[in-house]
Amino acid sequence: MSKRRRGNNLEKWEVSVVKAMIATGRYNDQEILSYFTRPNRPVNHRVILEIRTDQKHKNINACSDGELSNFLASWPDLDPETGLNAKGDELLIKAREAMIAAVHVFNGAGLTFRSELFITTAVIAWTYLMHAWFKREGVVYQYDDKRYWELSRCLRHDRCPVSASAKKNLEFLLEIRHEIEHKTTSRIDDTIGAYLQSCCINFNDLLKEEFGAQYSLERRLPIALQFVSFGSDQRRLLKKAQDLPPSLMSKISHFEEQLTEEQISDPAYKMRIYFVPVTSNRENSADSAVEFIKAPPRDAQELNRILLKEVSKTRHTATTVVAKAKEAGFVNFTMHSHTQLWKSLGARDPDKGYGCFGDYKGAWVWYDRWIERVLEHCRENHEKYT
């Protein structure tokens, strides 16, 4: 549940419109109120009375007739997706759109410098979110020369609503952004992806907590689909260390040397994601392509991780594999042929991804991928098997 707004005051431009509406003599207080109250910003009825009787805002003049006409013509001027007012909630709308853009850019196919583009746009999103919160809470977020605060200044404010670990995450990304601005960084996506994931989740959590679950980004940014199936070779490649410029590695090391083990392991600072193949063949375990699993308490404390489980795969007995080969026209492929093949290829090595020990009495079962490999072998030796 979102926190209740501290204030329900009208902005100066709204007060000027209210005064113009009062001056026309065509609207009572309840009718005027209906133009300015909305679910995310309720306005008390007494506010209109205080303006009408000059108890408040005496120094604000009524807007012109033309400005009033434009206001009425464009009302309610709401964002179609969220219901936010395009003018009154402009900062919150921009915050959401900037983070959506950051994620879309990072997920965009064919882009080389995705992390750099994400960080730059995500910093903009967080800055707008902070400004929206400060504005709502009545905190002045401008320097004396009227420049608005940058994100680092927002994070240092005593009333900043961002958690300690989420602050560390943003401070880290700001350090990386400074490095990006002054030096070539090469490709850093695989190295800092965990920090970017936390940045997204932290943003969405704060957005929902402070402004309301109706503004969350889950529906706009579902789990991305990938045109890839990870085998053992690909997994080994993904685990290899990425080459980074020494200056960037030094920057990361220096930053994290100042953190405690607890801070480093907090998923709000860096989200570690593990890809774990499903070993169960229960029907209900394959209802969705990706499962988010709650780790046991001990693992949660040690790893602070989210587990993504691969889709459960169809399993076949050796008899079925031989039958598939015969159906494909390789009538001389026998059970003995099958045994010789899997032994020669070491196909029962789980890392090769051809099969696994099944749930029933621990018997070995084969995946579709192994059937494809068997058929490939038969085609290569068609004279022997046909």
Side-chain angles (χ1 to χ4, degrees), residues 109 187 189-191 193-194 223-243 272-296 298-300 302-303 305-386:
R187 298 190 65 177
D189 301 339
D190 294 330
T191 302
I223 296 171
L225 299 178
Q226 295 183 149
F227 293 97
V228 63
S229 177
F230 291 114
S232 59
D233 293 339
Q234 292 93 330
R235 289 196 292 268
R236 281 193 290 271
L237 287 173
L238 286 172
K239 291 177 182 177
K240 287 185 177 179
Q242 301 296 314
D243 293 331
R272 295 170 177 83
I273 298 176
Y274 291 77
F275 187 81
V276 182
V278 167
T279 57
S280 172
N281 62 357
R282 290 172 297 150
E283 183 178 354
N284 62 0
S285 69
D287 288 343
S288 59
V290 178
E291 291 185 57
F292 290 91
I293 308 299
K294 288 186 177 179
R298 187 179 65 133
D299 288 345
E302 294 175 356
L303 299 177
R305 69 188 187 183
I306 290 178
L307 301 181
L308 276 74
K309 297 190 76 177
E310 188 179 14
V311 179
S312 184
K313 297 178 179 179
T314 304
R315 290 151 168 75
H316 308 279
T317 63
T319 301
T320 303
V321 175
V322 173
K324 293 285 187 182
K326 290 183 181 294
E327 289 174 8
F330 303 107
V331 293
N332 293 327
F333 186 82
T334 64
M335 185 65 72
H336 177 67
S337 305
H338 179 257
T339 301
Q340 286 184 314
L341 178 60
W342 72 253
K343 285 184 176 181
S344 67
L345 297 177
R348 282 197 175 185
D349 180 351
D351 285 341
K352 293 192 174 183
Y354 288 129
C356 67
F357 286 105
D359 296 331
Y360 180 69
K361 295 184 178 180
W364 185 269
V365 289
W366 300 98
Y367 298 147
D368 289 338
R369 184 166 174 244
W370 174 243
I371 293 179
E372 295 171 2
R373 181 65 183 88
V374 168
L375 296 178
E376 180 184 353
H377 168 77
C378 290
R379 286 190 289 268
E380 293 171 350
N381 300 273
H382 66 279
E383 293 180 355
K384 179 180 178 180
Y385 298 118
T386 56

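We number each residue from 1, following the sequence as shown.
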Quiz item: So Arg373 and Leu345, side chain to side chain contact (heavy atoms under 4.5 Å, CB included) or not? Walk me through it.
Solution: CA-CA 10 Å; Arg373 181 65 183 88; Leu345 297 177; 3.9 Å; yes
Practice problem: Name all residues meeting the side chain to side chain donor-acceptor pair (under 3.5 Å) criterion together with Trp370; count only those two or more places apart in sequence or in a different chain, and write none if there are none. | Solution: His338
Quiz item: For Thr339, what residues pass the side chain to side chain donor-acceptor pair (under 3.5 Å) criterion, not counting sequence neighbours?
Solution: none
In a table with atom names and distances, give each donor-acceptor pair under 3.5 Å that connects a side chain of residues 321-335 to protein atoms at least two apart or in another chain.
unit_1: Lys326; atom_1: NZ; unit_2: Val331; atom_2: O; d: 2.8
unit_1: Lys326; atom_1: NZ; unit_2: Phe333; atom_2: O; d: 3.2
unit_1: Asn332; atom_1: ND2; unit_2: Thr386; atom_2: O; d: 3.4
unit_1: Thr334; atom_1: OG1; unit_2: His336; atom_2: N; d: 3.3
unit_1: Thr334; atom_1: OG1; unit_2: Ser337; atom_2: N; d: 3.2
unit_1: Thr334; atom_1: OG1; unit_2: Ser337; atom_2: OG; d: 3.1

Quiz item: How long is the span from the CH2 atom in Trp364 to the CH2 atom in Trp342, to the nearest 0.5 Å?
Solution: 9.0 Å
Quiz item: If you look at every heavy atom in Arg379 and Glu372, which pair is closest and at what distance?
Solution: NH2-O, 4.4 Å
Self-check item: Spatial distance of atom NZ (Lys352) from atom OH (Tyr367) [nearest 0.5 Å]
Solution: 15.5 Å
Self-check item: Any donor-acceptor N/O pair, Arg315 side chain to Cys356 backbone, under 3.5 Å
Solution: no
Exercise. Can you sort out the partners of Asp349 under side chain to side chain donor-acceptor pair (under 3.5 Å), two or more places apart, ordered by chain and number?
Key: none
Quiz item: With sequence neighbours excluded, what pairs up with His316 under the ring pair (Phe, Tyr, Trp, His ring centres under 6.0 Å) test?
Solution: none
